[in-house]
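A, B, ... follow the sequence lines: proteins, then strands. Residue 1 opens every chain.
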Amino acid sequence: MEADKYFDDALQLFTSLPSFKTDVLLLAGRLVHLNTPSEALRNLFLPALSHLVVDKNNKQPGLTIWYAEGKNLAGKLNAPPWAEFNAQGYNASNENGDVRVFFQPWQKQVFLYSKSKQTAIYWVDTVSDVPWWEVTFSFRIIFHFWSYNLPAQLVHAGAIANETTGVLITGPSGSGKSTSCLNLLKAGYKYLGDDYVWIEFDETPVVHALYQTAKIEADNLRGKFYDWMPFIKNSQTYNDEKAIFDIKELFPQQWLPCITLKAIVLPAIGKRQYSSFHNAPPSKALLCMAPTTLHHLPHNRDISYKKLSYLSSRIPAYTWMLGYDVQNFQSSFHNFINNV
Amino acid sequence: MYYLNPRLAADIFDNEYVIANLDTGLYYNVQGSAVSLLQALPFDAPVDYITQVMQANPANAAGIETELGNIWQQLLAEEIVKQSDAPVTPANRELPVAGVYVPSRFNRYADMQDLLMLDPIHDVDEEGWAVKQTP
């Protein structure tokens, strides 16, 4: 079966729904429609994107996402019939056509996207089959598919700002990226995300907050963010998953939808007392940003890599050697962002 | 003829090569005079270029031969540089002139290498979806 037919058959199941709920998002000036008949899925996926919700209007969306559980639909959807999907949900045989497919064969969910229709589908067998992490970066792979034809890129990074200056904080998992972002949020800085952010390649790149959720490992939570314990969204399960927080709800005054980027910061955990910033070459920014971003976004890597390469060449990069002195951690960033 | 693998993304930033194998998730960077070695591609014989660098830097010739030779072998092993039977055209093409030698490094980043077919063994139902394992 061709991917186009698989997509069209799946879409038919959705467009023939007798009723569904539509939420309208506005991301970087583009409208996104989220259509679902499933209140349970809506309750899972919408909170991470709730800051983007706008009133309904008659304007055409740039992207339409249909999502549902199997039981919501009149017909069955078979699993994607092509072999050789890899661990990242990627199958090279689908790379050159109109339709993109993200499917990990051990899961009962699939993400589809048609470039020509600017329409995406998320199907999951039941709400209990949704992996917990999916709801912290709702429809991540679909936003990535969509960005193919846009001057935009999803980046595995956090973003922090003061009143005038936005800073991208990136690096692989375990580099201190997320913890640094959340500590800076606690210290009073503006927050645009700690995991995935949306970059628009305007005259100067602009970072947009895509997800308003943060997730923290239980040990890290108890050690560094204990005062956040009452606000855990998944209080029954966070020990086995990660604790999830709605940041816009917790810190409404520090929430920022977008800001011009002035620097790329590459944190590095070290056994030192004091934190310090050092100039880093563009190659280091690219080597910090690209592997971790593209590992989870296996489709259209050539285009995304070029965008990340461009970003690395346009914005100065700095290594942030992290020390354990908390006061110095904050003052080093304060000095940095006020002088960058 | 040796040539840069066209399936790889390769960019130069501040005289440093960053090379990405987007099929496998392997990344590399090349620093120092080895960047010029890559920039000189395509050529028929790497030894010609390495010899030229050694002649331009006679005081450190032995170290250069070892360092560039090792990096060249790694470039071949990682299939960053490939070889074909076709000769370089034109045959008498001159290699770039080598200047002062800059110590060279080749780094390989495999932390995010794609794990091919890391598919937990699972049964599928008649629609092809995974059947949950009962504990």
Side-chain angles (χ1 to χ4, degrees), chain A residues 70 75-90 92 95 103-110 123-126 128-129 156 172-175 280-296 298-306 308-310 312-313 317, chain B residues 4-32 34-36 38-39 78 80 102-135:
Chain A
K76 291 182 176 178
L77 180 69
N78 289 337
W82 311 281
E84 298 178 356
F85 281 91
N86 70 11
Q88 283 73 39
Y90 175 75
E95 181 69 358
F103 174 56
Q104 291 168 309
W106 58 91
Q107 294 191 341
K108 302 180 83 168
Q109 64 173 8
V110 63
W123 179 98
V124 64
D125 190 26
T126 69
S128 65
D129 292 308
H156 189 205
S173 299
S175 63
S283 58
K284 188 166 185 180
L286 181 61
L287 284 167
C288 281
M289 204 162 33
T292 189
T293 297
L294 302 183
H295 180 69
H296 297 290
H299 305 70
N300 313 327
R301 277 182 174 164
D302 52 344
I303 299 292
S304 295
Y305 185 81
K306 284 177 183 166
L308 295 172
S309 177
Y310 174 77
S312 303
S313 68
Chain B
L4 193 62
N5 185 347
R7 287 190 58 81
L8 306 182
D11 298 288
I12 292 184
F13 296 94
D14 295 346
N15 204 33
E16 177 177 342
Y17 245 113
V18 177
I19 300 158
N21 186 331
L22 300 174
D23 294 333
T24 62
L26 286 168
Y27 293 78
Y28 313 87
N29 72 338
V30 178
Q31 299 165 318
V35 171
S36 303
L38 280 170
Q39 285 179 302
E78 298 291 334
I80 294 168
V102 179
S104 301
R105 293 186 65 180
F106 173 87
N107 298 302
R108 179 180 190 266
Y109 303 92
D111 299 358
M112 306 304 286
Q113 183 178 7
D114 287 354
L115 303 173
L116 298 177
M117 299 307 295
L118 183 71
D119 179 357
I121 294 171
H122 61 276
D123 296 325
V124 297
D125 62 18
E126 60 186 13
E127 279 100 38
W129 298 105
V131 175
K132 283 181 185 171
Q133 301 290 319
T134 50

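- Annotation: B:Trp129 is in aromatic contact with A:Phe103 [ring centroid separation under 6.0 Å].
- A:Asp125 has a carboxylate O that lies under 4.0 Å from a charged side-chain N of A:Lys108, or vice versa, which qualifies the two as a salt bridge.
- Of the two parts of A:Ala290, the backbone and the side chain both hold a non-hydrogen atom closer than 4.5 Å to a non-hydrogen atom of chain B.
- Contact count versus chain B (heavy atoms, under 4.5 Å) is highest, among A:Ser312, A:Ser313, A:Pro281, A:Ser309, for A:Ser309.
- Per-residue heavy-atom pair counts under 4.5 Å with chain B were compared for A:Pro291, A:Pro80, A:Ser304, and the maximum is reached by A:Pro291.
- Crowding of B:Arg108 atom CZ: a count of heavy atoms from other residues, nucleotides or ligands under 6.0 Å exceeding 12.
- Proximity of A:Val110 to A:Leu77: side-chain heavy atoms (C-beta onward) are separated by under 4.5 Å at one or more points.
- If you measure heavy-atom distances from A:Gln107 to chain B, the contacts under 4.5 Å come from the backbone alone.
- Distance alone, capped at 3.5 Å, is enough to place a donor-acceptor pair between the B:Ser104 side chain and the B:Val102 backbone.
- For a residue to count as touching a neighbouring chain, one of its non-hydrogen atoms must lie under 4.5 Å from one of that chain's; by this rule A:Tyr90 does not touch chain B.
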